[in-house]
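Remember, predicted model here, so these are calculated numbers, not experimental data. Chain letters run A, B, ... following the sequence lines, proteins first and then strands; every chain starts at 1.
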There are 2 protein chains.
Amino acid sequence: MAENKSFADSCSCTIIHDDVVNKVKALMPQEEKLYDLAELFKVFGDTTRIKILCSLFESEMCVCDIAALLGMNQSAISHQLRVLKQARLVKFRKDGKVVYYSLDDEHIKQIFDQGLNHINER
Amino acid sequence: MAENKSFADSCSCTIIHDDVVNKVKALMPQEEKLYDLAELFKVFGDTTRIKILCSLFESEMCVCDIAALLGMNQSAISHQLRVLKQARLVKFRKDGKVVYYSLDDEHIKQIFDQGLNHINER
DNA sequence: TGTTCATGTGAACATATATTCATATGTTAA
DNA sequence: TTAACATATGAATATATGTTCACATGAACA
């Protein structure tokens with residue numbers, strides 16, 4: 001089984017062949033993409049941010065709306081909105097001193113729902 | 001605009017009405033689901049784990065294969081496989097002293113690809 | 001039986017992250 | 001201009017997390 005291999009001298013149990021190794025390396029996104037992808041999922045990986053996104057599924061909201069709705073302090077929400085903004089998941093519009101946030105991506109709900117699928121299937 | 005509201009005494013800029021608040025609360029998954037969902041995305045939020053999953057898209061592999069392929073030490077991979085196992089994203093079979101890991105969920109690639117969509121659209 | 005090998009695991013460490021507090025910024029209204 | 005308000009932000013803190021190291025476990029084989 002291992003006769004065809006030439007990579008990975010570091011272990012002797014290897015069964016994967018060079019063609020598999022090459023396929024994996026071909027399919028694997030570039031380092032930078034992988035980093036961005038991890039960053040994106042990291043953003044989803046926090047209950048506060050998920051709650052914010054969940055709220056915005058229904059309608060745009062200002063910061064204090066979200067804070068009141070989630071029962072959290074304004075500063076915490078503001079910090080998290082910043083993260084969501086940097087990930088281009090939310091956008092905002094200003095109206096006087098009030099800032100309204102809304103969703104900035106059509107995939108969010110799909111990613112969200114597929115995550116829920118995984119959760120619910122066990 | 002704010003005449004219909006009665007929630008959130010904590011701020012006076014509120015425009016969202018009780019029906020919106022109730023809708024959000026109705027749509028918002030239970031606290032426990034939200035926690036599980038965040039946990040799931042947290043698992044995707046690390047480049048090492050993404051690389052492992054990416055490798056397993058192509059074929060099952062033993063721990064040292066993965067370690068060699070990613071150029072990382074075996075212990076780090078083993079720790080991360082544990083995380084992936086707990087999240088039910090990978091499964092394993094033992095063959096003597098060798099343990100082969102493979103994907104344990106059909107959604108993984110979809111979630112993965114939708115994340116990439118978001119990344120690529122900017 | 002003793003050695004080698006693949007894997008798992010706990011402790012230690014460095015780093016990242018979420019929240020709070022205090023305060024800055026900028027807008028509205030008195 | 002001053003006061004009140006919505007939001008943003010930096011510092012501080014507590015907590016979580018990823019990797020390495022050393023070693024334990026368990027299987028194969030001489």
- Item | Between P of dA28(D) and CG of Asp95(B), the distance in whole Å | 8 Å
- Of Val83(A), Leu81(A), Leu69(A), which meets side chain to side chain contact (heavy atoms under 4.5 Å, CB included) against Ile52(A)? Leu81(A)
- Message: Is His79(A) stacked against the base of dT19(C), taking the criterion as centroid distance under 5.5 angstrom and interplanar angle under 30°?
- Response: no
- In whole angstroms, how far is the P atom of dG8(C) from the CZ atom of Phe92(B)? 8 Å
- Report the distance from atom CZ of Arg49(A) to atom C1' of dA18(C), rounded to the nearest whole Å. 8 Å
- Message: I want to check one thing: is the phosphate of dA27(D), taken as OP1 and OP2, less than 4.0 Å away from some side-chain N or O of Lys94(B)?
- Response: no
- Query: In terms of side-chain heavy atoms of Ser78(B), which of dA8(D), dT9(C), dA6(D) is nearest?
  - Reply: dT9(C)
- Are His118(A) and Arg88(B) close enough that some pair of their side-chain heavy atoms sits under 4.5 Å apart? yes
- pair Phe41(A)-Val43(B): side-chain heavy atoms closer than 4.5 Å: no
- Query: Quick one: is dG8(C) close enough that its OP1 or OP2 comes under 4.0 Å of any side-chain N or O from Arg82(B)?
  - Reply: no
- Is any side-chain nitrogen or oxygen of Thr48(A) closer than 4.0 Å to OP1 or OP2 of dT19(C)? yes
- Query: In terms of side-chain heavy atoms of Ser75(A), which of dA6(C), dT9(C), dC21(C) is nearest?
  - Reply: dC21(C)
- Query: In Å, rounded to the nearest 0.5 Å, how long is the span from CD of Glu39(B) to OG1 of Thr47(A)?
  - Reply: 9.0 Å
- With the side chain defined as heavy atoms from C-beta on, Ala76(B) is closest, among dT7(D), dT20(D), dG8(C), to dT20(D)
- Item | For atom CG of Asn73(A) and atom C1' of dA22(C), their distance in whole Å | 12 Å
- Item | Tyr101(B) vs dG8(C): side-chain N/O to OP1/OP2 distance below 4.0 Å | yes
- When you get a sec, tell me which of dT7(D), dT20(D), dT9(C) is the closest nucleotide to the side chain of Val99(A)? dT7(D)
- Value in whole Å for how far the C1' atom of dT19(C) lies from CD1 of Ile66(A): 17 Å
- Item | Candidates dG18(D), dT19(C), dT19(D) - which lies nearest the side chain of Met72(B) | dT19(D)
- Query: Taking the six-membered ring where the residue is Trp, are the ring centres of Phe57(A) and Phe112(A) under 6.0 Å apart?
  - Reply: yes
- Task: Rounded off to whole Å, could you give me the CD-to-C1' distance for the Gln74(A) and dA8(D) pair?
- Result: 7 Å
- Message: In whole Å, I'd like the distance from the NZ atom of Lys42(B) to the C1' atom of dG18(D).
- Response: 14 Å
- Query: Rounded to the nearest Å, what distance is computed from the CD atom of residue Glu39(A) to the C1' atom of nucleotide dG18(D)?
  - Reply: 14 Å
- Query: Is Leu40(A) close to Asp36(A) at the side-chain level, that is, under 4.5 Å between some pair of heavy atoms?
  - Reply: no
- Pick the nucleotide of DNA chain C nearest each of Leu81(B) and Gly45(A); which residue has the one closer to the 5' end? Leu81(B)
- Closest to the side chain of Lys97(A), out of dA8(D), dA6(C), dT27(C), is dT27(C)
- Query: Does the base of dG18(D) carry an N or O that pairs as donor and acceptor with the side chain of Gln80(B) under 3.5 Å?
  - Reply: no
